[in-house]
Amino acid sequence: MAKILVVEDRDSLRRMLAKALAEERHEVVAEADLAPGIARLAGGEPFDLVLTDLMLPAGSGLELVSETKR
């Protein structure tokens, strides 16, 4: 089982991904925008995998990827 952060602004896709991953017994945290995703990572919450949309309303998913390195 992995802990997975999903950051996707499209509600239907975010819910579908979260449901599919949870059905495979993964722990899923789903956020709709960049800031909450970065806040989770900056707060030290550990994730095994981060799935993100590249084009988010408040910025780029690449910013989120950069935060994973910290």
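Computed from a prediction, not measured in an experiment: that's the story for all the values here.
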Just jot down the side chain to side chain contact (heavy atoms under 4.5 Å, CB included) partners of Leu34, sequence neighbours excluded, or say none. Ile38, Leu56, Glu63, Leu64

Out of Leu51, Leu49, Leu41, which residue meets the side-chain contact (heavy atoms from CB on, under 4.5 Å) rule with Leu5? Leu41

Quick check: closest heavy atoms across Arg14 and Ala32, and the distance to 0.1 Å? NH1-CB, 3.4 Å

Just jot down the side chain to side chain contact (heavy atoms under 4.5 Å, CB included) partners of Leu62, sequence neighbours excluded, or say none. Leu54, Ser60

Given the rule that I, L, V, M, F, W and Y join up when any side-chain heavy atoms are under 4.5 Å apart, are Val29 and Leu17 in one cluster? no

Any Val28 side-chain heavy atom under 4.5 Å of Val6 side chain: yes

Does the Asp53 side chain pair with the main chain of Met55, one donor and one acceptor, at a distance under 3.5 Å? yes

Set of residues satisfying side-chain hydrogen bond (donor to acceptor under 3.5 Å, both in side chains) with respect to Arg15, sequence neighbours excluded: Asp11

Tell me which pairs pass side chain to side chain donor-acceptor pair (under 3.5 Å) where either residue lies in residues 20-29, with sequence neighbours left out. none

Can you list everything that forms a side-chain hydrogen bond (donor to acceptor under 3.5 Å, both in side chains) with Glu31? Sequence neighbours excluded, please. Arg40

Lys3: which residues meet the side-chain hydrogen bond (donor to acceptor under 3.5 Å, both in side chains) condition with it, sequence neighbours left out? Glu45

